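Structure, as structure tokens:
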Amino acid sequence: MSIQKGINAKVKTAVREVSPNCGDCSGFNCEILIENNKAVCSKLDVIKTSKPCQQFVPDPKNVVGAGDLGALANLIHTMTPEARRALGVLLFNEDKTIKQKMRFMQKVFVRYRGASNRNYLSNFMEAYVMYATAKTYKLMSLDGRCVMTFGEHCKPIIHTEDDFAEMSAKMIRKGSLVDPDIEQLISRRFRCEEEYDLNLVDKDDPSTVS
């Protein structure tokens, strides 16, 4: 229960951190006035980073030229309300993710079992970045079965594709494919906060990661 409370607290903090601000509003610096305002927001003693008021309306022109909006619209139309809200949080968090030199849906490889000096392919898991901040890394497993929250101290076990390509090449050359010790868990310090039982199995091709 205490673990769940900790996760809920982090989620609430993340939502607050990605809340929109006045600079994102269609009424901030244009002549189209937001209802009940006598002047545009930029003339009402607010700055771009001010908290939004109740009349906040996102400025749609900011998405012009942002790629294939039709494909994005088709995706959004298939999502549940809960999924749309989650996507909104992820999109707002992208600036923070980029500051951590990552990006949404970037493929990474995570060490999820075995001692730190046991480099076997079977000790790593393929995952995607949901978002990253200075203190938190949120990843999703390749199969989508689990979302994992890692603290900033876990960065050493999260490897980019380029970094892992070199590591995996060495493991393949040495024949270090499947770790014979399947019981040893990774240090508690490096486990995801959810502490899921990942229940992963090795694939038929031992030269790939789980």
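Please read all numbers here as calculations on a predicted model, not as lab measurements.
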note = Distance col, row I186:CD1 vs Y112:OH, nearest 0.5 angstrom, shows 10.5 Å
request  = Determine, step by step, whether S141 and D143 satisfy the side chain to side chain donor-acceptor pair (under 3.5 Å) criterion, reporting the C-alpha distance in whole Å, the side-chain angles of both residues, the deciding distance to 0.1 Å, and the verdict.
outcome  = CA-CA 5 Å; S141 62; D143 60 11; 2.7 Å; yes
query = Looking at CG of L87 and CZ of F92, how far apart are the two atoms once the value is rounded to the nearest 0.5 Å?
reply = 10.5 Å
ask   = Quick check: are there more than 12 heavy atoms from other residues, nucleotides or ligands sitting under 6.0 Å from CG of D45?
value = no
Contact check, side chains of F56 and D24, non-hydrogen atoms, under 4.5 Å = yes
request  = Would you name the heavy atoms of Y137 and A132 that are closest together and state the gap between them?
outcome  = CD2-CB, 3.7 Å
query = Is there a side-chain contact between V110 and M148 (heavy atoms, below 4.5 Å)?
reply = no
ask   = Between F164 and F109, what is the ring plane arrangement, given parallel below 30°, perpendicular above 60°, and tilted in between?
value = parallel
query = Which value, rounded to the nearest 0.5 Å, describes the distance between M130 atom CE and E94 atom CD?
reply = 10.5 Å
request  = Work out which heavy atom in S26 is nearest to a heavy atom in P58; give both atom names and the distance.
outcome  = CB-O, 3.9 Å
Contact check, side chains of N119 and K170, non-hydrogen atoms, under 4.5 Å = no
key: Heavy-atom side-chain contact between Y131 and K96 under 4.5 Å   = no
ask   = For the hydrophobic clusters of this structure (ILVMFWY residues joined by side-chain heavy atoms under 4.5 Å, transitively), does one cluster hold both I98 and V89?
value = no
task = Mind running side chain to side chain contact (heavy atoms under 4.5 Å, CB included) on N123 and M171 for me, showing each step along the way?
result = CA-CA 11 Å; N123 288 342; M171 287 184 272; over 6 Å; no
message = According to a hydrophobic-cluster definition based on side-chain heavy atoms being under 4.5 Å apart (Ile, Leu, Val, Met, Phe, Trp, Tyr only), do Y128 and L90 belong together?
response = yes
inquiry  = With heavy-atom distances below 4.5 Å as the criterion, would you say the side chains of Q184 and R113 are in contact?
reply    = no
ask   = Is there a path of hydrophobic side-chain contacts, each under 4.5 Å between heavy atoms of I, L, V, M, F, W or Y residues, that connects I76 with L69?
value = yes
request  = Indicate yes or no: at least one non-hydrogen side-chain atom of Y120 is less than 4.5 angstrom from one of V178.
outcome  = no
query = How far does CD of E152 sit from SG of C154, to the nearest 0.5 angstrom?
reply = 9.5 Å
ask   = Is the side chain of R84 donor-acceptor paired with the backbone N or O of M79 at a distance under 3.5 Å, no angle test?
value = yes
key: CZ on R191 to CZ on F150, rounded to 0.5 Å   = 11.5 Å
inquiry  = With a 4.5 Å cut-off on side-chain heavy atoms, are R103 and V129 touching?
reply    = no
task = Give the minimum heavy-atom separation between G27 and V40, together with the two atoms involved.
result = O-CB, 3.5 Å
message = How about CD on E166, more than 12 heavy atoms from neighbouring residues, nucleotides or ligands closer than 6.0 Å, or not?
response = no
note = Output for pair (L91 CG, L72 CG), nearest 0.5 Å, gives 7.5 Å
ask   = Are any non-hydrogen side-chain atoms of L177 and I172 less than 4.5 angstrom apart?
value = yes
